[in-house]
**Student:** 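This is the structure I want to talk about, given as C-alpha cells.
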Amino acid sequence: MADHAVSGLDARVYVEGRLDAALTAQAGQVVAVIGPNGAGKTTLLRALAGLVQMSGSVRVAGESWTEPPRLVRDRGLGYVFQDQSLFPHLTALDNVAFGPRARGVRRRDAEATARAWLDRLGVGDLSSRRPGELSGGQAQRVAIARALATRPALLLLDEPFAGLDVGVATALRLELARHLADYPGVALLVTHDAIDALTLADRVVVLDRGRVAQEGTPQDVAARPRTDHVARLVGLNVLREGEVLRSFSPRAVTVSLHRPEGSARHQWHGVVLSAAPHGDAVRLLVSGEHELLADVTPAAAGELGLAPGRQVWLSVKETAVQAYAAD
Amino acid sequence: MADHAVSGLDARVYVEGRLDAALTAQAGQVVAVIGPNGAGKTTLLRALAGLVQMSGSVRVAGESWTEPPRLVRDRGLGYVFQDQSLFPHLTALDNVAFGPRARGVRRRDAEATARAWLDRLGVGDLSSRRPGELSGGQAQRVAIARALATRPALLLLDEPFAGLDVGVATALRLELARHLADYPGVALLVTHDAIDALTLADRVVVLDRGRVAQEGTPQDVAARPRTDHVARLVGLNVLREGEVLRSFSPRAVTVSLHRPEGSARHQWHGVVLSAAPHGDAVRLLVSGEHELLADVTPAAAGELGLAPGRQVWLSVKETAVQAYAAD
Amino acid sequence: MTTARTLGRPPLVLLVPAALAAALLVLPLVSLVLDTPWATFLDRLGSREVGEALRLTAVASGATVVACVLLGTPLAWLLARVDFRGRAVLRAAVTVPLVLPPVVAGVALVTALGRTGVLGPLLREGGVSLPYTTPAVVIAHTFVSMPFYVLSVEGAMRSAGERYDVVAATLGASRWTTFRRVTLPLAMPGVLAGAVLAWARSLGEFGATITFAGNYPGTTQTMPSLIYTTLQADPEVARTLSMILLLASVAILAALRNRWLTTP
Amino acid sequence: MTTARTLGRPPLVLLVPAALAAALLVLPLVSLVLDTPWATFLDRLGSREVGEALRLTAVASGATVVACVLLGTPLAWLLARVDFRGRAVLRAAVTVPLVLPPVVAGVALVTALGRTGVLGPLLREGGVSLPYTTPAVVIAHTFVSMPFYVLSVEGAMRSAGERYDVVAATLGASRWTTFRRVTLPLAMPGVLAGAVLAWARSLGEFGATITFAGNYPGTTQTMPSLIYTTLQADPEVARTLSMILLLASVAILAALRNRWLTTP
Amino acid sequence: GGDDGEQRTITVLAAASLTETFTTLAADFEAAHEGVRVRLAFDSSATLAEQAVGGAPADVLATADTTTMDSAADALAADPRVFATNTMVLVVPADNPADIRSFDDLGPGVDYVVCVDTAPCGKVAAALLSSADPGAEPASLEVDVKAVLAKVTSGEADAGLVYASDAVAAGDAVTTVEVPGADAQVTTYPIAPLDQSQDAELARQFVDLVLDEEGQQVLRDAGFGAP
Ligand SMILES: Nc1ncnc2c1ncn2[C@@H]1O[C@H](COP(=O)(O)OP(=O)(O)OP(=O)(O)O)[C@@H](O)[C@H]1O
Ligand SMILES: Nc1ncnc2c1ncn2[C@@H]1O[C@H](COP(=O)(O)OP(=O)(O)OP(=O)(O)O)[C@@H](O)[C@H]1O
Ligand SMILES: [Mg+2]
Ligand SMILES: [Mg+2]
C-alpha cells in the first residue's frame, strides 16, 4: 500500500471526534468522496490542506506533509471551499489572479491566466465584479477558477457543482473531466451527486460517521452499495440481511394493489410517500418495513392511482436480486 | 389576473439592470422558480422580501407591500437564504428560536418550537452548536428550520436542497411537500433540480436574463420547454426553428457510426462529448450543429465504442418529435 | 483552529517594526518602574489622600464607562446604521473632543455647564450646581472619553455590516430587538475595546476635570490630579503615585483582556 | 442596498440616549464657538507664534500618524494573529500608556530617553540628544497615541478573523503577502479609525510633550502647548487659539471621514 | 554667541505669573539688541527648574519662589538674585455675586478657591488661611495661581486668593479685597543665568535688564513689589 502510493496520496487522518480515515490514491487519480451530511468529507479535505488540527500522517508524491508539518502555502493546493470563501474585497479577476501572483507570477501574466480561466468557466464578463455582486452560481464558478489557476499538486473540490445550473454543471463536468484527464496530481471531489462520482472519478470513497464505509471503483460501489446513503445515491434498493446485502433496481419492482402470490421473502407492504417522474417512468418511494423505490410506467401509475398515501404491495423476482457480502 | 390573485401573490418587480418580471400565484400554491445562474432568481426573492431597491408593485393577500412600503419585519416572511446566513453568534437552537421570539413568543415556548423543528429536520442533537461547528448540510437544515418556524405568510426558499445529501433531500422534499400541502400562503422555491420543480410545485416560472421566459404547470413546462436551460433540466432535446420549437426525448434518438438513410431533416453529425450512466441506459452528450442528448443501451455503447471523442450520426423519427409554438 | 506552524512563521518585515513599537511603548514604562522609590511605596499607598483619590478615580472611571456604554452605544448605532441629514456633521462633531487639549475641553464645559455658562441659569433654577462636585468629574470624564468609545463601536458596527440585521428583519424582529440580539453581540469586540479605551482615557484624565470640576480631596481630586499637583512639589512622590495608578490599572487591564478580549 | 424605510424607523429607546450623548458632546463645543472673540480671530491666525505652532502641530501629528501606521500595524498584527509566550503581558503593556496621565508619560520618557535616563548615555555616545527637539515631540506624541492605534487595529483584525488568511495560505501566499493583500485590506476600517484616533490624540497632546520636549516656539511648541501657555496669561486669546485648532481639525476630519470612513 | 549679522537667540524660562511682564521686557530687550530674538517659555516654576536641571537649551531661569530656584542650583551659572516680590490678595468677580466686601465675608456657602499647597502660591495661601481662618474649606485647590484667577474671572468661583500682580493683570474683571496678614507672607522672585547658556553675555544682559530701573518699572506697573 505504501509502495504504490509513492507518487500519489497516502494519508491516515485522525481528527478528534470527527474523522478517522485512511486514504490512498495514485497520481493522476480522481477520488470521489461521498457520504451523508456531517460524515466528515469537508473535515477530510481541510485536514489534508493543513487547516485542521489532526494526527496521523499525510504523504503526497513520496514526501511527508506531517513529519515535519509542511506549511499550508507550500502544499501546492487547489481548494474549492464548500462556502466558496472568495476574498470579499477583491474582484473576480483579482481573486483568481491571487494564487499565481502569490507564487511569484508577474501581475500581467497572472491576470492573463486568471482571465483565461474565467472565460473558460463562462464568467469572463464578470471579471471586475466583487463577490458581493455575483449570483451564487457565478461565485461558485469564480471559486473553481481560482482553485484551478494555480496548477495545484493536490486538488480539493468540496461540492464544486452545488448551486450551478444544469447547463453549466454539465459543461463544467466536461471541462473538469478534460482537465483532470491529463492532470498529474491527485484530485479529491466531494459530491452529493451520483453522476459526478460515476463520470469523473476513478475511485470512490464512502464516508459514514467519520469512517470509511466503502471504497472501490465507481462501478463497483454503484453495483454493490454498502450503505443506505450510496444505495439512495445510485438509485438502488439495498436490504441488509445479517452478513449479506441484497440489491435490486427500482425497475425490477412490481407494484400491485393486492398481495401478490409467490414467495413471501421478496414482497413487502407499504404506503406510497411520493411519486415523481424519473426518465420515462414514474418513481415511487414506498415506506413500509423498509423504504423502497419502485419505477412504474405513467400508464400504470394512473391506472393504479399511485398517489402519495396509497397502500401498495411490492414484489421482486429473485433473479433480479444481487446478493453480496457486507464484510 | 388581479382578481384571482387577491388572496395570493401579485407582483410586478423591476430591479434596475437585473430583473423585470411579473408573477402571480394563488394562495396555497407552490411556485418553482428556475433558470440559469445569474437569471435573477435570488434577486426576485430579495425584492419580494424588501431587501433590494425595486420599483413596481407587490400585493400579497390583497394588501399592497409597496404603497406604502411595508417594513421587512411586518411582511411575515420565511426566507431560506442561498448562503444560509445563520447568525454566527447564536446556537442552532437560538437561530431557530429567533423568529418566534422576535414575534413575541415566550422564550420557553419559542425554544420548544425550535427544538421540534430541529428534530423534524434531523439535527436535533446539534441544537447547541454554533453555525461554525456545523457541516454545510447541517447548516442548511438549520436554515430551513429557522425559516419554517415562524409560520410565514410568504415562504421564500432559495435552493433549500443544495448541499443536502440524497437521503435528507428526499426526506426533506417529502416533509416540505407535506408542509406545503396545507400551507395557506404562497411559497416560492428556487431550484436547479427538475425533481423539485416537478414534484413540489403547482406552477413553474422560468427566468432567463432577468425576464420570465416561460410559465405554466410543471407538466406543461417539462413537456414543452421554451429555453435550453429547461430542456437540459428535464432532459429533453429542444430545437428552435423560427417560431416553432421541436422537442424529443433522448431515448428516441438513434445513434450510428455512419450516415443513416432517410429524411435529412432529423439527422445530425457530431462528436461525443461525454457518456454517463443514466438509469439503465448510457446517456451521450453529442456536440455538432446543436448539443444533443441521446440514450443508448450499455451494450450498444460498448459495441459502437461510444467514448468521448467518437464521431457519430444521430437521427430521430418524425413521430417522436413534438412541435409547438415558441411564442 | 489552525496551528500557527502550518501558516508559517511571522516574517521579519513585520517582526522588526513590531518589536520597535513594543520597545517604544515598554521602555519608558520599565524605566519608570526602575526609577520608582519603592521604599516609600507602601507608606504612600496607605495615606488617606491617596486612598481618597484612588476611590474617586475608580468611581469616576467606572461611572464614565457606564455613561459611555449607555449613551455612546446608541449614538454609535445611529451613526453606523441610520441615514439622516447632518450625519456627516454629527460624526465630525463627535470626533472633535478628541482633538481638544484637555484644558480647553474643560473650558468648553465651563462655558456650557458652568455657573455662568449657557445652561448655567437653567441648571441653577433646577437647583443643580455642578462645579466642584463629583458628578462634574464624571461629566468631564465622559466628555473626553465618549468619542473614543463611539468611534470604536461605530467602526465595529460598520465592519460587522448590515447583513445579519437584514436577516433579523426577515424573521420579524423590530429594530430594537435586532439591535439587542444581533447588532450589539456581533459588534462586541469593538464595544469591549471601546470600553477599555474610554476607561483608560478616563483614568488618565485631569486637565478637563481640574478646569471644570476643580480639585478638592474627596470630592473632585482624582489620582491624576493628585499626581499632577504633587509633581510640582515633589517629583519623587509623584512617581510613586503614578506607579500606584499604573499597577492598579495594569492589574485590571490584564484581568479584563484575558477574560473578555482574547476570545477571537 | 437596503432602504432604511423597509427596516423601520429607529426606536426611541435608542434615539433618546443617542440624542443625549450627542448633546453632551456638541453643546460644549457650540458654547465654546459662541464664546470665541471672533473679532480678533484673523489677527491671531496671522501671528508668527500661531503660524509656527500650527506648522509644528501639523508636522508632529502627521509624523505621529506615519510612525503609528508603520510600527503599530505590525504590532497589532502580532497581537491579533501570532500566539507567543508573553502575549498577554505585551498586550497589557501596550495599553498602559493610555492610562498614564500625560505628564507622567512625559516623566517616563525622560527617565528612559532623557539625558540622565536609562538610554541617555547610549544616545549621547551616538551623538543624539533628544529632549527639547522636534523629534522628541514626535516621540512623545507617538508614545501617547500608539496605544489607541494598536488597540483599534488589533480589534479590527480580530473581528475580520483568520478565515481569509487561511484561504490565502491555500493559494500559496506567504504570511507577508497575506498580510499585505488580505489581512490589512480587510481590517482597513479599523486602520482608518485607528489613524484618526492617533492623529486626534496627537493634535491635543501637550502634557507629555512639555515635560519631555519642552515648550519652545518653533521647535517644540505645538498648538496645545501654546494654548496652555496662553491660558495662563489671557484666557480670551487662548479660546481664539483653541478655535483655530478646532476648525482646522474639524475640516480635516470631515474631509477624511466623508472620503474614506463612510464606505461601509 | 552667534557671529555678527546672524540672528542670536536667547531662551528665557520664566514662571507663569511673569507672562505679561517678561513678554514686555523681551520686546524691550529685542529693541535694544539688534539681531537678537528672545524666546520665552512659561510654565510652573517647578517644571522649569526641572527642565533647567535636565539640560534644557536655555539661558535664563526666573522662578516664583526660592525653593524651586534652589532645586535648580546645579544648573545655575551665577547666584540667583531676587528681582521682585508679591503678596496675596483676595479677588472677587466684578459683579461680586456673593457680595464679599472683606476677607471675613468668606464662609459657608461661598465658593472660594486657592492654590493647591504643593504649588508655591498654595504654601502662602495655606499659611494665610491658617492665621485668618475663614471658617469654611475652599471649594477647590487649583494647580496654579492663574487657574485660581480664571475661576474667578469666569464667575465659576465667588472669590480666590491670587497675587497682587495677578489682580492688576485682571484689570476690571475683578475687585480686590485686602487679606489680613498678607504682608507677613511675601513671595520672592529670583532670577539667574544658566550654565548651559550658549551666549552667557546676552544672558547676563537680560538678567541686568530685569534688575535695573527699566525692568523694575515694568514690574511695578504690573503690581509686583520691590525686591
Ligand atoms: N468546528 C467544529 N467543531 C466541532 N464539530 C464540528 C466542527 N466543524 C464540523 N464539525 C462536525 O464534524 C462533523 C463532520 O463535519 P464535515 O463538515 O466534515 O461534514 P461533511 O461530510 O462535509 O458534511 P456536509 O455534506 O454537510 O458538508 C459534523 O458532524 C460536524 O457537525
Ligand atoms: N449587488 C449586485 N450588484 C450588481 N449586480 C448584481 C448584484 N447581485 C447580483 N447581481 C447580478 O444580478 C444578476 C442576477 O443575480 P441573482 O443572484 O438574482 O441570480 P440567480 O438567478 O439567483 O443565480 P444563481 O442561480 O447563480 O444563484 C446576476 O447577473 C448577478 O451578477
Ligand atoms: Mg462539507
Ligand atoms: Mg441565486
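Each chain gets a letter, A, B and so on, in the order the sequences are listed, and its residues count up from 1. Note that the coordinates shown come from a computational prediction; the quantities given were computed from them, not determined experimentally.
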**Student:** Does atom CG of Asp99(E) have more than 12 heavy-atom neighbours from other groups under 6.0 Å away?
**Tutor:**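 It does: Asp99(E) CG has more than 12 such atoms within range.
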**Student:** Check Lys151(E) against Thr211(C) and note the closest heavy-atom contact, atom names and distance.
**Tutor:**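 Minimum heavy-atom separation between Lys151(E) and Thr211(C): NZ-O, 2.9 Å.
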**Student:** Please indicate whether Arg39(E) has more than 12 foreign heavy atoms, meaning atoms of other residues, nucleotides or ligands, lying under 6.0 Å from its CZ.
**Tutor:**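 Buried by this count: over 12 neighbours within 6.0 Å.
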**Student:** Specify which of Pro138(E), Ser154(E), Pro97(E) makes the most heavy-atom pairs with chain C at under 4.5 Å.
**Tutor:**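 Among Pro138(E), Ser154(E), Pro97(E), the one with the most close pairs to chain C is Pro138(E).
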**Student:** With a 4.5 angstrom heavy-atom cut-off, is it the side chain or the backbone of Ser225(C) that approaches chain E, or both, or neither?
**Tutor:**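 Neither part.
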**Student:** What part of Ala157(E) gets within 4.5 angstrom of chain C, counting heavy atoms only: side chain, backbone, both, or neither?
**Tutor:**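 Both parts, heavy atoms under 4.5 Å.
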**Student:** Just by modelled atom types, is the Tyr216(C) backbone N or O under 3.5 Å from a matching donor or acceptor in the Ser140(E) side chain?
**Tutor:**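 No; judged by distance alone, with no hydrogens or angles, the pair does not exist.
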**Student:** Nearest 0.5 Å please: distance from the CG atom of Leu141(E) over to the CG atom of Leu226(C).
**Tutor:**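 If we round to the nearest 0.5 Å, Leu141(E):CG and Leu226(C):CG are 11.0 Å apart.
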**Student:** Considering only heavy atoms from C-beta outward, does the side chain of Val116(E) approach that of Asn215(C) to under 4.5 Å?
**Tutor:**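 A side-chain contact exists here, since the closest heavy-atom pair is under 4.5 Å.
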**Student:** Give, for atom CG of Asp144(E) and atom OG1 of Thr229(C), the distance between the pair rounded to the nearest 0.5 Å.
**Tutor:**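 Nearest 0.5 Å value for the CG-OG1 distance: 11.0 Å.
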**Student:** Just do the side chain to side chain contact (heavy atoms under 4.5 Å, CB included) check on Phe212(C) and Glu156(E) with the steps written out, would you?
**Tutor:** CA-CA 9 Å; Phe212(C) 177 54; Glu156(E) 292 303 305; 5.6 Å; no
**Student:** Quick check on Asp95(E) against chain C: is it the side chain, the backbone, both or neither that has a heavy atom closer than 4.5 Å?
**Tutor:**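 It is neither, since no heavy atom gets under 4.5 Å.
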**Student:** Mind listing the closest non-hydrogen atom pair of Asp111(E) and Arg115(C) along with its distance?
**Tutor:**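 Heavy atoms only, the tightest pair is OD2-NH1, 3.3 Å.
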